[in-house]
Structures are given as structure tokens and as C-alpha cells.
Amino acid sequence: MKKVFLIDYDLCSPQSCGRPCVKQCPINLSNARKKNHIKKAEVPIRFKKSADKMIIISEFCIQCGVCLNVCPRNAIFSIFLLDEPEPESLTHEYSYIPAKIGRDSSQITTVNRGFRLYGLPTLLPGRVTGLCGPNGIGKSTVLNILSGDLKPNFGSINLSEKISENRYWKILLEHIRESEMRTHFKETFENSRKIAYKRQVLRVLFEKYQNKTVGEILKSQKNIDIEFFNQIWEHLDIDAIANRKLAQCSGGELQRFAISSVLIQEAGCYLIDEPCTFLDIKKRIKLAELLRKRAAGFNSSKQYPVLVVEHDLAILDYLSDVIHLFYGKPHQFGVITKVQSTKAGINAYLTGFLKTENIQFRKSQITFRRSVGNRSWDNARIFASYGRISKTFDTFRLDVDPGIIYEGEILGIVGENGTGKSTFAKIMAGQIKPDPHSEFKSVNRYVSYKPQYITRNYDGSVKDFIMEYSKNYDFSDSMKQLLYSPLGVDVLLNTPVKDLSGGQLQRVFISTALAKRAELYILDEPSAYLDIEERLHISSVIRAMTKRMSATTIVIEHDLAIVDALSDRLFLFTGKPGVHGKTIGPLNKREGMNEFLKILDITFRRDEDTGRARINKKDSSIDKRQRANNEYFYAPR
């Protein structure tokens, strides 16, 4: 780790302290004795008049710590910047390919190392443990190791050679110290501990189950916890999809099936990888309750460890009892922290600084707006107004009440899956026509639409895709800085679309939609497949592009933190999913969030340190107090 010294400017008072940090700095003293006249820029610590504050230049600092010790106000402190840990703590390293130069393999001069994982989480029976970190940092690798699908090699075991299970077990014990983890691996490799594992990729389910309905598959599974099965059936609304084959299920329905097939099992450990993708907020809340019940053993006396990878920050906070953070350099190496409380862990992730380990792993903090602007729309220009809209399908009907959309606003659309949100978006985008008697024809504006479900069915590069669908050929530095670089698309421009991961594909589709010159942008579930940092980058880019283009934006979103950070007003969709949808609003931000949270039967507050959205635990003191005051959505006015 690289040690650096920083100044807390809330404590520093260079006008009154006498500046002992400057006077007693060994380099300054040495230069004074030798009567050297070095440039001010090369002095480790000095007072900068133009900024009216002290500055430390790490490049010239010898890290002696004198300034820290002599500061009368304790305004100087040290931290360690991120560096890769020592090899002794390596848990797993993926195979690497030597980079050969010349014809002879003896001329190898460089080696391309694979991804390295450092550390393992702690298994805590009776607790839901959240795993928090960006994509490509090792979270799925950890679950594969804990499930037994991947044997950790600790950077030194050549698993390509034949090695006996007994020999491998001895090597494993040398590296694992915690008794619970030793027991877990021993029982896993002896097949005496069953692992229930919900994987990130759902398409593998199609290969396993052919021509069977959801209900048939779930009821035919072995080792079913019958009592808990009934709870899952109700909470995740399996009855609505029980007679469907997997190929007929939407993304959210397939996700509910995958979660159910894992949680109904009687197992010694439960591993859940990104369960909230495509689920609406109501199902996410129900899922959190199920996970806590499963960890507690439901009606049995035995408790189980449950590990969950999730990018919805509000839900991760709500469902987790404790947190493990992952930091490092994505796709290069990842480090797992020791177990932390949920609040402290998530806040550390947002600030980018681990107090417990004195490590700064991100240059900048992730921040949230702490108050709701509640802009008055009385004098705002109207972008589009519509009367009653209806759309009837074979088994579903949507009824939309009259409403107004204003110029320059970001309208957030929230509600359960199957209540008509995407149908409304397609009507506004001109993708489908409403029923003939509807009081709406079209918005008569240039529209850019990002659909909910995205595919790789395109022969060409990312750059070709953007140009073809957005009709925007501007890839200048200013455009890259505004749109492509914040979304990480600038490095993908020459990549074939078919080779993109789910998260990369999502960012490309969003970039393509926002690159199109339009007056109305419609984005359906833009945060799916994205990690926490990417979601917040998406929010800032959407807001910047809306302002730059003097446009109006409609966003359908299930992540409460993103809805809170992005929306100016809210449009609520309610009704009976899959049967009938109806609308409330659009409403101003505070009123809309309050109404929506009442429907979800949860209360919401802001974290006092970071301003992030937090869902109150049911029946907690703050939950009861907010319900009594009818303040389901709490934010400073």
C-alpha cells in the first residue's frame, strides 16, 4: 500500500497555528541549513496563498510523519492508497497465457496474468450476508468457489495436474483458518453439505428443463421444504406463471422461478447471485423477507448462511444483516474486506474509504441529493398532454388517466411488473397504437426509445451500431467526454456487438438512445445488468443529456435509489399484474414517492452521512414514527 498524508481543512487553521508542519518538515529544515533555494512546487508541505490553505505534495514527501505529529489541531492524517496485496493472501488466480515474442518460446518477455481474488467471505448461520462491489471484481468467483464449482488454487496449485482429493484438502486447510469455512469446504468436497446456488445467468435453465411448466418443475424437485414452499409460492406470485413453460416466461418471471427453485430446497448454505434483475420493487421487498426467513431457518431450529450479490443498493441494505465489500481493479484483481455492519459497509463503499483498514480504493465519493427540490410546474411549458388512453390485449387491459408531461423534466415511471409501464412507453414512442377510442394520437416529436429487452443480434461493431440506430456520427472528444466515456463505451467502439457482456450491451443501448437527437427520450429499465457505480453514472449522464438537448425524458425503473436520484416527478402504475393496469399521476416527487411507498407498505429515509435511500426495517421505531406521521418518504424539505 502507498501511504499518503492528507489535510482535514475543517480543522486546519494556518493563520493562527504558527505552521509547525512547515517549520519542522525535515526536507524544509535540510534545505534551510544548506541554504538551498528550491522551487516552492518541490516543497512537500507549504501554504498556498491563492487557495488560502495548506497543501501537501506527495511526490516530494518522504512519509516521515513529522507534520502529522506536530500539528496542534490534528488536521493532518495518513491513509493507504490501493495496491494489490501480497501473494501470500491470494485465494485464486485464473490461468494466464504467456505473451510470446518471436518464434522461440524462450523469448517470452511478458506474462498476462489472469484475474486474482484475495480473501473469502465469512459464513454466518442465521445471517444474510451481502456482497457489494462493482462488476468484474470477483463476486461471482466467490460464489463459484463456495458452491464447489471452482476449486481455489491459492495461486500455486496446478489443478491441471492430477492431484488427490486428500492432498488438495490438506493444502486447502493450510490456507483456510476460520472453523466455519473449514467445515464448509470439507463437507462440500465430501458431498455431505448441500449447496443451493442461484446463478447469475438464467439461460442455463433452458438446457436443464425441457417442455415442462414452472409448477411441474418446482413440485418435482427433491429435498423440498414444504412449509417454506407455500411461502415462496405466495410471495413471488408463482401461481400466475405455474402453467407456463420456461421458454414462455419473461425475464422477471424466469428470475422468480430461478429464485424459487433454490429457496425451496433444504440445504446447508444458500448462494444467490443478482436476484433482483427484472424484478419490480414489490417483488424485491418480498424477496428480502424470504431470504431473512430462510437464513433464520423458518420454522426449524437450525439456521443457515445466506450470501447475496446485489447491485440495488436500497434492497441490499434492506435484506443484509452484514456486508462484505469488494474492491480492487475490475478484471485484474479483487480484495474482500472483513465482515462489516450493513450501514458502515455500504457507506464505506460510497465514500471509497475503509476506515477499518485505512485504505482509499476510489478517488472520488459517490454522493446523492439530500433534499427533494419539488419544483413548481405551474409556469412550466407543456411538452405533451393526453386524455384517457386505453390499450386492450387478449388477457390484459391498460387504462391511463389524462395527464401532462412538461418540457425539460425527467418523469420516473414505477410500479409492479405486468401493470402496463412498458405498454405506455411503447405508445408514447409510437411503437404500438392505443385503442381507437383513446384521446391520444402521438406526441408529434422526435423520439428516442431504449426497450426493456435488448439483444446482441447485430453483425458489426459497437460504433457501427450506434451510427446506424442513432444516426449520430459524432465521436469527437467532446462527445466522448459527455456521453461515451462516463458510460465506458468509448473503449468498446471497435468491439463486435455479439461479444458484449450483459452490462456492456446495456450501456451501449443507453448510449445509442441518448446519442440520437430527439426531443423525447424513453428508457425502459436502464439499470438492469449494471453495478452500483454504473447505475449512478447512468443517472448523471441521463440528466446531463436531457439538459443539453433541452429534451424531456421518461425512465421506467425499479431501483429505488435510482428513482430517487433521477426523477423530477413520478408516474405510478397499479392494478392487478397481467390482468389490468391503471395509473396515478403524474405527481410531484414527494407526493409521488409517498403514495408509491404506501402501496409497497414500506417507509424510506435518507442516510445522514451519504444521503442515500434507505428502506426502514419493518416495525422498527423509525418505521413506526414515519407511518404515524404519514411520512413514508422522508427527505429534508
Side-chain angles (χ1 to χ4, degrees), residues 82 133-137 311 327-332 350 352 361-369 408 410 429 446-451 454-555 557 559 562 565-566:
L82 180 63
N135 286 331
I137 206 70
H311 294 305
Y327 65 90
K329 295 182 179 180
H331 309 294
Q332 294 185 36
L350 293 175
F361 57 87
R362 195 190 309 111
K363 291 182 179 179
S364 59
Q365 298 186 15
I366 297 174
T367 58
F368 296 84
R369 290 188 296 171
I410 298 178
Y446 293 107
V447 179
S448 180
Y449 172 59
K450 201 276 313 172
I454 54 180
T455 67
R456 299 179 181 84
N457 298 330
Y458 182 80
D459 293 322
S461 68
V462 168
K463 188 174 184 178
D464 295 333
F465 180 83
I466 293 173
M467 289 190 295
E468 181 173 339
Y469 287 96
S470 72
K471 306 302 180 186
N472 188 334
Y473 309 98
D474 181 7
F475 293 92
S476 63
D477 290 341
S478 60
M479 190 64 176
K480 287 182 179 179
Q481 186 176 0
L482 177 69
L483 177 60
Y484 300 123
S485 294
L487 301 185
V489 174
D490 57 328
V491 297
L492 301 173
L493 292 176
N494 295 321
T495 305
V497 171
K498 289 186 176 181
D499 293 343
L500 298 176
S501 67
Q504 291 171 335
L505 189 68
Q506 184 74 278
R507 287 184 275 126
V508 167
F509 265 78
I510 293 169
S511 298
T512 304
L514 294 177
K516 184 176 180 179
R517 285 170 170 77
E519 297 168 280
L520 174 63
Y521 294 97
I522 302 175
L523 307 173
D524 198 342
E525 295 194 34
S527 72
Y529 302 116
L530 302 183
D531 64 36
I532 298 167
E533 293 182 48
E534 290 171 335
R535 292 180 183 202
L536 294 170
H537 287 153
I538 289 290
S539 299
S540 61
V541 170
I542 291 172
R543 186 166 288 281
M545 290 300 294
T546 301
K547 184 176 181 180
R548 182 177 189 262
M549 301 300 295
S550 299
T552 298
T553 300
I554 296 175
V555 178
E557 187 52 65
D559 187 327
I562 302 304
L566 188 57

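Values in this document were obtained by computation on a predicted structure and should not be read as measured data.
Between N472 and M479 the shortest side-chain heavy-atom distance falls below 4.5 Å. Side-chain contact between M467 and F475: present, with at least one pair of heavy atoms (C-beta onward) separated by less than 4.5 Å. Side-chain contact between E534 and Q506 is absent, with no heavy atoms from C-beta onward closer than 4.5 Å. Side-chain contact between I466 and V489 is present, with at least one heavy-atom pair separated by less than 4.5 Å.
Distance alone, capped at 3.5 Å, is enough to place a donor-acceptor pair between the R362 side chain and the L350 backbone. Judged by distance alone, with hydrogens and angles left aside, the side-chain atoms of S448 form a donor-acceptor pair with the main-chain N or O of A513 at under 3.5 Å. Checking side-chain atoms of R456 against main-chain N and O of L500 turns up a donor-acceptor pair under 3.5 Å.
Atom CD of E519 is separated from atom OG1 of T552 by 8.5 Å, given to the nearest 0.5 angstrom. Here L566 contributes atom CG and E557 contributes atom CD; the two are 8.0 Å apart, rounded to the nearest 0.5 Å. I538 contributes atom CD1, which lies 7.5 Å from atom CG of L514 (distance to the nearest 0.5 angstrom). In this structure, CZ on R507 lies 14.0 Å from OH on Y529, to the nearest 0.5 angstrom. Going from atom OG1 of T546 over to atom OH of Y521 covers 7.5 Å, rounded to the nearest 0.5 Å. With values rounded to the nearest 0.5 angstrom, D464 atom CG is found 9.0 Å from N494 atom CG.
Nearest heavy atom pair, residue P330 against residue G328, reads CD-O, 3.8 Å. Residues Q504 and D499 approach most closely at OE1-O, 4.4 Å, considering heavy atoms. Nearest heavy-atom pair, M545 versus L483, reported as atom, atom and distance to 0.1 Å: CG-CD1, 4.3 Å. Counting all heavy atoms, side chain and backbone alike, L493 lies closest to K480 at CD1-CE, 4.1 Å. Annotation for L536 and I366: closest pair CD1-CG2, 2.8 Å, computed over non-hydrogen atoms. The two residues A518 and V447 come nearest to each other via the heavy atoms CB-C, 4.1 Å.
Crowding of Y446 atom OH: a count of heavy atoms from other residues, nucleotides or ligands under 6.0 Å not exceeding 12. The number of heavy-atom neighbours closer than 6.0 Å to CD of Q481, taken from other residues, nucleotides and ligands shown, is 12 or below.
Between the side chains of H311 and N135, at least one donor N or O sits under 3.5 Å from an acceptor N or O. With 3.5 Å as the limit, one finds a donor-acceptor pair spanning the side chains of D490 and S485.
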Verdict with reasoning, V508 to V497, per side-chain contact (heavy atoms from CB on, under 4.5 Å): CA-CA 9 Å; V508 167; V497 171; 5.5 Å; no
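With sequence neighbours excluded, no residue satisfies side-chain hydrogen bond (donor to acceptor under 3.5 Å, both in side chains) with Y449. Under the ring-ring contact (aromatic ring centres under 6.0 Å, His included) criterion, F361 pairs with Y327, sequence neighbours left out.
Between K498 and D459, at least one side-chain nitrogen of the basic residue sits less than 4.0 Å from a carboxylate oxygen of the acidic one, meeting the salt-bridge criterion.
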